[in-house]
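All ligand and atom numbering here is 1-based and tracks the order in the structure. On a predicted model such as this, the values are computed, not experimentally measured, just so you know. Side chains are part of it too, since the values below use all heavy atoms of this structure and drop only hydrogens, waters and symmetry mates.
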Amino acid sequence: MNYQDILNEIYQTIEPILKEGKVADYIPALAQVNPNQFAMSITLFDGSSYHIGCSDENFSIQSISKVFTFTKALSIYSKELYARVGKEPSGNPFNSLVQLEYELGIPRNPFINAGAIVITDTLLNKYKTVDETYNEISNFIKEISDNVDISFDKNVWFSEYKHGHRNMALANLMKSFNNLDNDVEEVVKTYFKHCSITMSTKELSRAMLFLANNGIDPITNKRFITSSQAKRINAVMLTCGHYDASGDFAYHVGLPGKSGVGGGIVAIVPKVMSLAVFSPRLNNWGNSLAGTKALEMFTTKTNLSIF
Ligand code: GLU
């Protein structure tokens, strides 16, 4: 298969729709990015990679960071984690408060905001301070992506902290149900910090390879989680990785994937490769519009959907 030709074809078809959709502006710093960018990267098990567009451009990974924090927490707490966060799709927007109220402060899954905030709380239990917890998360990402050059965008962090009223409300609601152990401010600060990490599609497609290979990085042969845990994470990505559009993403793309409001999406083809796309304009569900379309074209052209 000539992956570079396929990426070139995708880019040509995608270009006319790069002006559709809307950049996330509820975090004001995210609204500053150039909205018409597009990048797509593929990394194979032998380390060879293919790219199109601005694949070296770092962007705010936002909720893609939840894949790393869920992986880290699962590797520490194993099944115990599910006493505090579920593994069912929410069928609701990523920042919804309603379900959390009638389900007594237990978030449906680790990829909606409430679930990711609980995961951050479990990591704070272990590492104690905002800085130490963030350092552990970023060191884990550095190891997984075999890249020491990972950092966060202070501007985005501060902007989200200033305007993160809904996330604060989610955290306070969970605290009232005794599902948050640490101070609300500390948890939310740590959560915003890992959401503000910046990476490129080139780096992200490299980083997710371990999930395509039963928890082992096929290039360095390092194991990060058990193969059973990798299976679970992929299952949760497939069913919950795109919030209330997870069914739509499975239907059109057919791969486990995770999006972020910064416009990134990662996806994996089990036993074959991992992919990342970036385009900041979002569809109505808060997922990259052109990115979703590009991934759909990819699985259609290559027959590499898991279905
Ligand atoms: N930091 C974002 C928030 O909490 C993450 C949302 C996303 O990327 O979907 O609102």
Can you run down the ring pair (Phe, Tyr, Trp, His ring centres under 6.0 Å) pairs that involve residues 262-307, sequence neighbours left out, and say none if there aren't any?
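Qualifying pairs, neighbours excluded: F59-F278.
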
Sequence neighbours excluded, every pair satisfying ring pair (Phe, Tyr, Trp, His ring centres under 6.0 Å) that has a member inside residues 132-161:
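Checked against ring pair (Phe, Tyr, Trp, His ring centres under 6.0 Å) - neighbours excluded - the pairs reaching residues 132-161 are Y134-F152, F152-W157.
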
Heavy-atom closest contact (I150 atom, S145 atom, distance)
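Heavy atoms only, the tightest pair is CD1-OG, 4.0 Å.
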
Search all heavy atoms of R84 against all heavy atoms of I106 and return the closest pair with its distance.
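Closest approach of R84 to I106: O-CG2, 3.7 Å.
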
Can K258 be said to sit on top of Y243's aromatic six-ring, NZ or CZ under 6.0 Å from centre and within 45° of the ring axis?
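Yes - K258 lies over the ring of Y243, closer than 6.0 Å to its centre and within 45° of its axis.
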
I'd like to check the side chain to side chain contact (heavy atoms under 4.5 Å, CB included) partners of K126; sequence neighbours left out, ordered by chain and number.
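With sequence neighbours excluded, K126 shows a side chain to side chain contact (heavy atoms under 4.5 Å, CB included) to I76, Y77, given in chain and number order.
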
Could you please provide the protein residues found below 4.0 Å of ligand 1 on a heavy-atom basis, arranged by chain and number?
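The 4.0 Å shell around ligand 1 contains Y26, Q62, S63, F94, N113, E160, N167, Y191, C195, Y243, G260, V261.
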
